[in-house]
Structures are given as structure tokens and as C-alpha cells.
Amino acid sequence: MYLQVDMKASDDAGLPIREVARRFDVPTHVLRHWEDVGLLSPARDASGYRRYVRVDLVRVAVIARNKLIGMSLPQIRALLDEGAPGRHQVLEAHLKRLDEQRRELERSRVMTEHSLRCRAHDIAQCPRFAALVADVIDGGPVPSDWDAAISLDGPPGASSPDAASPGHG
């Protein structure tokens, strides 16, 4: 998602909702909803039309970016409102979730890289690949040391492949 927030001198009076929607690639009804729930408060012109100035565009960018990474609107409200009750706890919990997502993305990347390079005809038969998902098979969470321990040489506890073993690696 590309977010363009630059305003020209001719935009000093603010941008209309359709232009903001175009710049951020969101429907106008979404911008109206964000206003309804208190995340935005664009000024109105003499005719009653919304006019988004730079501070509004920054808020739209913050909302759009954080929605993209999975934040809920209440979490985003806490992010934007320094006086929100429980703000610190909401943001700490979100950081923890981002760390978990980062680990899962890294695991997915490692699994994909392994799949590309593995000589096994059936990836599910590769012991090193199976070790990458062992915690899920066993019903456990992603190990907290996963990001420090993973590599293409194998996940935590995996042994190096035997070069003489065709089909695995």
C-alpha cells in the first residue's frame, strides 16, 4: 500500500473526501466510518463538505497502516490518543503480537526457502521440514527462541542432513 500525504499549495483549504479516498486507496464510506467512531474529525467547508488537511492525512495514514498490520480500531484509537485509558497496555500487547507475527513470518520464509531447496519428492516426508512444524503438530506455541535459532541448516534441535541420504535436505 502506497500512502501519499503530500499536499500542494492549492490544497491549503484541505482535500475533499474523494481525493483522500483515492490517495489512500480506501472507499469513502470507510473514511466516514472512521469519522463516526471518532478516529477522524475533518473540518467542513461552507457547504458542509469534509475537507482533510495535513493533520487529518497523517491520521488517515496511521489508521490505514495499522489496519493493514492487524490493529483493531480501538487499538488505533489508543495509539492516536495519548490520554486513552489503558493506552500503554494496549500498545504493549500489540507489540507482543507483532513480535509473534514476525516470528511466524520468519518461520514461513524459512519453510518456503527449505521447500525450494529440498531434494525430497514429498516435502511432508522430509524430517527437517517436519521439524519446522513440530510445535504445531504437538499442539504447542511457536518457541520464543525461534527467531534466534532458525536457519536453513535446520530448526532448533534438528540435526544436519546426511548427504548420503537421497531425497532429504
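Side-chain contact check for Phe24 versus Leu57: some heavy-atom pair is nearer than 4.5 Å. Contact of the Arg59 side chain with the Leu80 side chain is registered, since non-hydrogen atoms from C-beta on lie closer than 4.5 Å. Counting heavy atoms from C-beta outward, Ile63 and Leu40 have side chains that approach closer than 4.5 Å. The shortest side-chain heavy-atom distance between Glu35 and Ser41 does not fall under the 4.5 Å cut-off. Counting heavy atoms from C-beta outward, Lys67 and Leu73 have side chains that approach closer than 4.5 Å.
Scored by the side chain to side chain contact (heavy atoms under 4.5 Å, CB included) test, Pro27 finds His29, Val30 as partners (sequence neighbours excluded).
One distance of note links CZ of Arg77 with CG of Asn66; it measures 14.0 Å at 0.5 Å rounding. A distance of 12.0 Å separates CG of Leu116 from CE of Met111, quoted to the nearest 0.5 Å. Taken to the nearest 0.5 Å, the CD1 atom of Ile17 stands 14.0 Å off from the CZ atom of Arg22. Distance check: Asp45 CG to Arg50 CZ gives 11.0 Å after rounding to the nearest 0.5 Å.
Side-chain atoms of Arg97 come within 3.5 Å of backbone N or O of Gly70 as a donor-acceptor pair. Without hydrogens or angle criteria, Gln75 side chain to Ser72 main chain gives a donor-acceptor distance under 3.5 Å. Using modelled atom types, no side-chain atom of Arg128 and backbone atom of Cys118 make a donor-acceptor pair closer than 3.5 Å.
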*Evaluate the criterion salt bridge (charged side-chain N to carboxylate O under 4.0 Å, His left out) for residue pair Glu106 and Arg102; output intermediate values, then yes/no.*
CA-CA 6 Å; Glu106 181 62 18; Arg102 182 186 50 77; over 6 Å; no
*Under the salt bridge (charged side-chain N to carboxylate O under 4.0 Å, His left out) criterion, do Glu92 and Lys96 qualify, and how do the steps go?*
CA-CA 6 Å; Glu92 286 290 332; Lys96 182 179 178 185; over 6 Å; no
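Hydrophobic clustering (side-chain heavy atoms under 4.5 Å, transitive across Ile, Leu, Val, Met, Phe, Trp, Tyr) keeps Val90 apart from Leu95.
In terms of heavy-atom proximity, Arg18 sits nearest to Thr28 at CA-CG2, 4.1 Å. Nearest heavy-atom pair, Asp56 versus Arg51, reported as atom, atom and distance to 0.1 Å: OD2-O, 3.8 Å. Here the shortest heavy-atom pairing between Leu91 and Met71 reads CD2-CE, 4.0 Å.
Counting non-hydrogen atoms of other residues, nucleotides and ligands closer than 6.0 Å to CZ of Arg44 gives a total above 12.
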